[in-house]
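Some notes on the structure that comes next.
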Amino acid sequence: MICRAAALLLIATAAPMAAQNKGPLPAETPTPALTAALAAPTRTPANVARDKYRHPAETLAFFGVKPGDTVVELWPGGGWYTEVLAPYLANGGKLVAVPPGGTYDKRNRDKIGGNPVYGGVEIGTFNAGQPTPIAPASADVVLTFRNVHSWLDEKAPIADQVFAEAYRVLKPGGTLGVVEHRLPEEAEDARQLTSG
């Protein structure tokens with residue numbers, strides 16, 4: 001399975017890196033364009049208040065997202081990162097948001113429908129179990145935030161399909177950026193959390 005192989009590779013490569021890094025990673029300095037996107041008046045105040053916990057500037061800088069990139073955001077949910085990515089990519093870049101089944105969470109749908117800063121956001125579609133081209137094969141970056149645990153659900157596991165499609169749409173040398181919840185130490189496996 002692609003997902004398990006990727007996780008094992010990540011664990012295998014992370015152990016030597018963790019041994020070499022004696023402390024926190026250095027903070028990434030956001031570009032002026034990213035700073036402007038974070039300060040955009042179109043962002044929801046409640047989302048802005050969570051910047052100190054989610055560290056969007058450091059996260060997007062770490063993944064190497066640039067203003068001229070084509071970025072695919074998988075499962076944008078309520079649009080927390082969409083609020084940052086849309087203005088950041090508005091001048092020269094492209095954002096393709098791929099909600100499950102092509103249907104946006106109501107919070108994100110209302111946001112996108114009512115604000116011109118989201119006018120350039122393209123909507124991709126992913127249908128589990130069916131051949132689904134989420135976007136043209138030309139993405140610089142594919143991002144997903146706090147979703148992988150749901151893709152591992154034993155009742156409807158789709159991680160292999162999602163990661164295979166993400167790989168297909170990335171340009172050679174492109175980046176797959178994944179942010180995920182922390183797994184409690186007492187849990188042996190993420191599926192314990194999703195299959196309840």
Side-chain angles (χ1 to χ4, degrees), residues 1-11 13-14 25 28 30-31 33-34 37-38 54-105 108-109 111-112 118 120-153 156-181 190 194:
M1 296 174 81
I2 292 170
C3 183
R4 283 199 186 130
L8 290 174
L9 178 61
L10 179 61
I11 291 166
T13 57
L25 293 172
E28 300 285 341
T31 63
L34 184 51
L38 290 167
R54 292 196 174 180
H55 308 286
E58 294 86 353
T59 300
L60 295 176
F62 178 78
F63 290 140
V65 180
K66 296 180 282 311
D69 283 349
T70 295
V71 176
V72 176
E73 183 185 7
L74 300 174
W75 274 244
W80 198 94
Y81 265 95
T82 307
E83 283 189 0
V84 177
L85 291 166
Y88 184 52
L89 301 169
N91 297 314
K94 178 165 68 169
L95 176 59
V96 180
V98 184
T103 304
Y104 259 118
D105 178 298
N108 215 356
R109 187 174 57 244
K111 197 180 305 177
I112 286 176
Y118 301 105
V121 177
E122 294 181 18
I123 308 300
T125 303
F126 180 90
N127 294 306
Q130 301 173 20
T132 305
I134 58 174
S138 61
D140 298 290
V141 182
V142 175
L143 299 171
T144 190
F145 303 97
R146 303 156 62 112
N147 292 306
V148 174
H149 63 282
S150 296
W151 301 342
L152 297 172
D153 188 332
I158 60 170
D160 289 344
Q161 183 185 359
V162 174
F163 286 126
E165 183 57 16
Y167 178 76
R168 187 195 67 77
V169 303
L170 279 171
K171 293 178 180 176
T175 300
L176 171 60
V178 176
V179 173
E180 186 51 82
H181 297 281
T194 59

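Everything numeric here is computed off the predicted structure, so don't read it as measured data.
Of all heavy-atom pairs between V96 and G124, the closest is CG1-N, 4.0 Å. Of all heavy-atom pairs spanning L95 and A86, the tightest one is CD2-N, 3.9 Å. Listed here is the closest heavy atom pair of V178 and F63: N-CZ, 3.6 Å. Residues V84 and A37 come closest through the heavy atom pair O-CB, 3.6 Å. Smallest separation of non-hydrogen atoms from A159 and L152: CB-CD2, 3.9 Å. What you find for P76 and T82 is that their closest heavy atoms are CB-OG1, 3.5 Å.
The side-chain heavy atoms of R54 and T59, taken from C-beta on, include no pair separated by under 4.5 Å. With a 4.5 Å cut-off on side-chain heavy atoms, L60 and L85 count as touching. I123 has its side chain within reach of P99: a pair of non-hydrogen atoms, C-beta onward, lies under 4.5 Å apart.
The backbone N or O of V65 sits less than 3.5 Å from a side-chain atom of Y88, completing a donor-acceptor pair.
Ring planes of W151 and F163: perpendicular class, angle over 60° (limits at 30 and 60°).
Just one of T70, V98, L74 meets the side chain to side chain contact (heavy atoms under 4.5 Å, CB included) condition when paired with V142; it is L74.
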May I have the step-by-step check of side-chain contact (heavy atoms from CB on, under 4.5 Å) for V72 and L170, ending in yes or no?
-> CA-CA 9 Å; V72 176; L170 279 171; over 6 Å; no
Where do Y81 and L143 land on the side-chain contact (heavy atoms from CB on, under 4.5 Å) test, with the steps shown first?
-> CA-CA 10 Å; Y81 265 95; L143 299 171; 6.0 Å; no
List the steps, then state whether side-chain contact (heavy atoms from CB on, under 4.5 Å) holds for D140 with K171.
-> CA-CA 6 Å; D140 298 290; K171 293 178 180 176; 3.2 Å; yes
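Atom CG of L38 sits about 10.5 Å away from atom CD of E83, to the nearest 0.5 Å.
In this view, T144 and N147 satisfy the side-chain hydrogen bond (donor to acceptor under 3.5 Å, both in side chains) rule, not counting sequence neighbours.
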